Amino acid sequence: MWNVRFVTLVGIVVAATAMRLVPHPPNVTPIAAIALFGGAHFASKRAALAVPLLAMCLSDLLLGFGVHRVMPFVYGSFALIVVLGRLIGDRRSTLAVGGAALTGSVLFFVITNFGVWLLSDLYPRTVEGLVACYVAAIPFFRNTLAGDLLYAGVLFGGFALAERRFPPLRRQSLPVLCFEGLPRFHAIIRQQRGRPGGTSHRRP
């Protein structure tokens with residue numbers, strides 16, 4: 001049965017992804033922030049990757065982007081940003097989130113524009129053509145970075161406040177008693193081995 005935290009996280013990812021469908025400045029979207037947020041908050045590695053990717057894929061279909069040659073580079077960079085979120089884990093300080101958002105923006109910029117240079121006919125397949133591709137994309141990168149930092153702050157900050165206010169949203173850890181009982185469990189096993197008829201793993 002799905003818990004409250006998981007359902008809430010899915011709802012946040014879907015709601016944030018829906019922001020792509022409303023009018024917004026070019027490239028000011030929550031794409032990288034969603035990947036970072038999902039990677040940092042979903043306990044399951046599969047869910048951390050699958051939920052943001054499925055949400056992004058659905059929004060792409062609704063926007064009519066369809067399948068294009070650069071798509072593997074777009075989704076590949078998206079998956080790498082999910083990994084960045086996994087690396088953050090529970091260390092979700094302002095500095096950590098801001099640094100990861102910045103790194104994610106750079107990754108997305110470098111990987112997707114490399115794909116444009118490699119697979120499109122817009123630039124020659126030379127070093128000069130690659131440089132020209134990156135230079136032409138710099139104005140878009142400013143908006144991408146602004147959107148990533150903005151949405152990362154909203155998603156991480158908003159959910160942190162929600163966790164404080166609503167305890168069921170907090171990530172559940174294993175009870176301490178489970179670990180405290182381990183030494184006693186091993187002591188009982190050792191006592192049983194020393195009794196007549198007890199199980200013994202000693203060699204004859």
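What you are looking at is a predicted structure, and each value in this text was computed from that prediction instead of being measured.
- The ring-ring contact (aromatic ring centres under 6.0 Å, His included) analysis of residues 83-106, with sequence neighbours excluded, yields no pairs.
- Under the rule for a side-chain hydrogen bond (donor to acceptor under 3.5 Å, both in side chains), the partners of Ser59 that lie at least two apart in sequence or sit in another chain are Arg20.
- Minimum heavy-atom separation, Gly39 to Ala48: CA-CB, 3.9 Å.
- Remark: side-chain polar atoms of Arg170 are paired, donor with acceptor, to backbone N or O of Arg164 under 3.5 angstrom.
- Judged as a side chain to side chain donor-acceptor pair (under 3.5 Å), the pairs with a partner in residues 104-124 (not counting sequence neighbours) are, in order, Ser105-Asp148.
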Atom pairs and distances, donor-acceptor, side-chain atoms in residues 139-146, under 3.5 Å, two or more places apart:
| residue | atom | partner | partner atom | Å |
| --- | --- | --- | --- | --- |
| Asn143 | ND2 | Pro26 | O | 2.8 |
| Thr144 | OG1 | Asn27 | ND2 | 3.1 |
| Thr144 | OG1 | Phe140 | O | 3.0 |

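- Residues that satisfy the side-chain contact (heavy atoms from CB on, under 4.5 Å) test with Leu62, not counting sequence neighbours, are Leu21, Leu58.
- When all heavy atoms of Gly38 and Pro52 are compared, the closest pair comes out as CA-CG, 4.2 Å.
- Listed by chain and number, the hydrophobic cluster partners of Val135 are Val127, Val131, where partners are ILVMFWY side chains within reach of under 4.5 Å, directly or through others.
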In residues 73-80, what donor-acceptor pairs under 3.5 Å come from side-chain atoms, sequence neighbours left out?
| residue | atom | partner | partner atom | Å |
| --- | --- | --- | --- | --- |
| Tyr75 | OH | Asp60 | OD2 | 2.7 |
| Ser77 | OG | Phe73 | O | 3.1 |
| Ser77 | OG | Val74 | O | 2.7 |

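- What you find for Ala100 and Ile88 is that their closest heavy atoms are CB-CD1, 3.4 Å.
- Atom OG1 of residue Thr17 and atom CE of residue Met56 lie 9.0 Å apart, to the nearest 0.5 angstrom.
- Cluster note: Leu61 groups with no other residue, as no ILVMFWY side-chain heavy atom lies under 4.5 Å from it.
- Residues satisfying the side-chain contact (heavy atoms from CB on, under 4.5 Å) criterion with Val110, sequence neighbours excluded, are Val106, Tyr134.
- Val83 is not connected to Leu102 by any chain of hydrophobic side-chain contacts under 4.5 Å among Ile, Leu, Val, Met, Phe, Trp and Tyr, and they are in different clusters.
- Residues Phe109 and Val28 do not share a hydrophobic cluster, clusters being chains of Ile/Leu/Val/Met/Phe/Trp/Tyr side chains in contact below 4.5 Å.
- The distance from the CE atom of Met19 to the CD1 atom of Ile34 is 10.0 Å, given to the nearest 0.5 Å.
- Put simply, the side chain of Phe42 reaches to within 4.5 Å of the side chain of Val13, judged on heavy atoms.
- At most 12 non-hydrogen atoms from other residues, nucleotides or ligands lie less than 6.0 angstrom from CG of Leu95.
- Results of the side chain to side chain contact (heavy atoms under 4.5 Å, CB included) test with Ile12 over Val10, Thr8, Val14 single out Thr8 as the only residue that passes.
- By the side-chain contact (heavy atoms from CB on, under 4.5 Å) test, Thr94 pairs with no residue at all, sequence neighbours left out.
- A distance of 12.5 Å separates CG in Leu119 from CE in Met71, rounded to the nearest 0.5 Å.
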Anything under 3.5 Å between a donor and an acceptor, one on a side chain of residues 149-163, the other on a protein residue two or more places apart or in another chain? List them.
| residue | atom | partner | partner atom | Å |
| --- | --- | --- | --- | --- |
| Glu163 | OE2 | Arg5 | NH1 | 2.8 |

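- Legend: side chain to side chain donor-acceptor pair (under 3.5 Å) pairs involving residues 30-49, not counting sequence neighbours, sorted by first then second residue: His41-Arg92.
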**OP:** Evaluate side-chain contact (heavy atoms from CB on, under 4.5 Å) for Leu9 paired with Val51, printing each intermediate quantity in order.
**Re:** CA-CA 9 Å; Leu9 289 173; Val51 173; over 6 Å; no

